[in-house]
Amino acid sequence: MAEIIDGKLVSNKLREELKVEVANFKNEFGITPGLAVIMVGDNPASAVYVRNKHKACADVGITSYQIELPTETSEDELLSKIDELNADKNVHGILVQLPLPKHISEEKVINRICADKDVDAFHPINVGKIMIGNYSFLPCTPAGIMELLRYYNVDITGKKCVVVGRSNIVGKPMALLLLEKHGTVTVCHSRTRELSEITKAADILVVAIGKAGFLTADMVKDGAVVIDVGINRLPDGRLSGDVDFEAVAEHASLITPVPGGVGPMTITMLLKNTLTAAKSAAMG
């Protein structure tokens, strides 16, 4: 039976460390790190995420600026708001909550955020820096996963690492970070043939495709480390990951639950990125 990776525990430890770092930074520079979160429309899931981010900021001493705009906000109005925040010296990190209403281009919005304030690490400049291994920020979910692997002493060097999902937010950067730590990485997706043959060979398996219970026990080899990034709402209201947790836990050596695994780490990494951005701004 697998050991459960406790994302809440690791996240809380990191936040305690961050709280001290933020306090020290304030004492040294007289600056409070600031994170601006923009939400367009009234997506209920987005509203929950924004509230959680606001609370997490308060817990570690970061100032949170919440900007809520109506669904009918035009693309130009949103871009103007981003320009305003780019110029605001009190704001060190800018995050636009996705998804956006259909009339607004996500690409334009991401590109408009100053790369130095792009604490999601979605801007092409930051993506390029990750590609060459010379980065300031990492996308929050993959960075959180790397912290979990480090905390649980998972050695990545030479291991067969399989990432299921190729999104720009999780799959692609996750593959690059595992590669940077000397893993041998395979990225699978919806058109991958004989998927289960590939996943069954993995020492470390990261699943991020958004299908409840997709990864079943027969797709996992004994002793694998299984990281479940999925958050899916079942018809009965319960949350489920992309992994059939109970069955896969019988075979894995380590496994993340949903909720309580990767999720808590994502916001913690956002706080870390905001502090990094503030430090960078303070040091010119």
Using atom types as modelled and distance alone, determine if a side-chain donor or acceptor of [X] lies under 3.5 Å from a backbone N or O of [Y].
X	Y	result
Glu77	Ser74	yes
Lys159	Ile204	no
Asp242	Asp228	no
Asp118	His123	yes
Thr199	Met219	yes
Asn86	Cys114	yes

Spacing of [X] atom [atom1] and [Y] atom [atom2] [to the nearest 0.5 Å]:
X	Y	atom1	atom2	result
Arg15	Ile267	CZ	CD1	6.0 Å
Leu79	Ile104	CG	CD1	8.0 Å
Glu75	Ser80	CD	OG	10.5 Å
Leu205	Leu254	CG	CG	12.5 Å
Leu271	Glu21	CG	CD	11.5 Å
Asp116	Ser136	CG	OG	7.0 Å

Chi angles and distances behind the side-chain contact (heavy atoms from CB on, under 4.5 Å) call for Arg233, Leu239: CA-CA 5 Å; Arg233 184 72 65 180; Leu239 287 178; 3.6 Å; yes
Do [X] and [Y] come within less than 4.5 Å of each other through their side chains, counting heavy atoms only?
X	Y	answer
Thr157	Lys181	no
Thr256	Val226	no
Leu177	Leu179	no
Ile4	Phe245	yes
Val258	Asn232	no
Val162	Val206	no
Val187	Lys172	no
Met265	Ile145	no

Following the transitive rule for hydrophobic clusters with a side-chain heavy-atom cut-off under 4.5 Å over Ile, Leu, Val, Met, Phe, Trp and Tyr, establish whether [X] and [Y] coincide in one cluster.
X	Y	answer
Leu95	Leu275	yes
Leu270	Ile113	no
Tyr65	Val37	no
Val119	Met269	no
Val229	Val185	yes

Taking every non-hydrogen atom, the tightest pair across [X] and [Y]:
X	Y	value
Ala278	Pro33	CB-CB, 3.8 Å
Leu195	Cys188	CD1-CB, 3.4 Å
Pro124	Asn111	CD-OD1, 3.2 Å
Ala217	Val248	N-CG2, 3.8 Å
Ser11	Thr268	OG-OG1, 2.7 Å
Ala115	Phe137	O-CE1, 3.5 Å

Any pair counted as salt bridge (Lys or Arg N to Asp or Glu O under 4.0 Å), so long as it reaches residues 53-71, sequence neighbours left out: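 Only Lys55-Asp59 qualify under salt bridge (Lys or Arg N to Asp or Glu O under 4.0 Å).
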Step-by-step side-chain contact (heavy atoms from CB on, under 4.5 Å) determination, Ile169 to Phe122: CA-CA 7 Å; Ile169 294 171; Phe122 294 164; 3.7 Å; yes
Criterion side-chain contact (heavy atoms from CB on, under 4.5 Å) against Ile31, the qualifying member of Lys279, Lys89, His92: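 Between Ile31 and the candidates, side-chain contact (heavy atoms from CB on, under 4.5 Å) is satisfied uniquely by His92.
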How about [atom1] on [X], more than 12 heavy atoms from neighbouring residues, nucleotides or ligands closer than 6.0 Å, or not?
X	atom1	result
Lys26	NZ	yes
Asp42	CG	no
His103	NE2	yes
Tyr49	OH	no

Listed partners of Asp83 passing salt bridge (Lys or Arg N to Asp or Glu O under 4.0 Å), at least two apart: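 Asp83: salt bridge (Lys or Arg N to Asp or Glu O under 4.0 Å) contacts with Arg112.
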Distance-only side-chain donor-acceptor flag, Thr32 / Thr63, under 3.5 Å: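 There is no such pair (donor and acceptor under 3.5 Å, judged by atom type) between the side chains of Thr32 and Thr63.
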Between Asp218 and Thr216, a side-chain donor and acceptor under 3.5 Å: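 On atom types as modelled, these side chains qualify, holding a pair under 3.5 Å.
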Taking NZ, NE, NH1 and NH2 as the nitrogens, is one of them in [X] or [Y] under 4.0 Å from a carboxylate oxygen of the other?
X	Y	result
Glu147	Lys272	yes
Lys81	Glu84	yes
Asp203	Lys221	yes
Arg238	Asp236	yes

Stepwise side-chain contact (heavy atoms from CB on, under 4.5 Å) test for Ile110 and Glu107: CA-CA 5 Å; Ile110 288 166; Glu107 186 182 357; 6.0 Å; no
Evaluation steps, side-chain contact (heavy atoms from CB on, under 4.5 Å), between Ile227 and Val207: CA-CA 6 Å; Ile227 306 292; Val207 191; over 6 Å; no
Residue pair Lys13, Glu16: steps toward the salt bridge (Lys or Arg N to Asp or Glu O under 4.0 Å) verdict: CA-CA 5 Å; Lys13 289 195 175 212; Glu16 287 304 316; over 6 Å; no
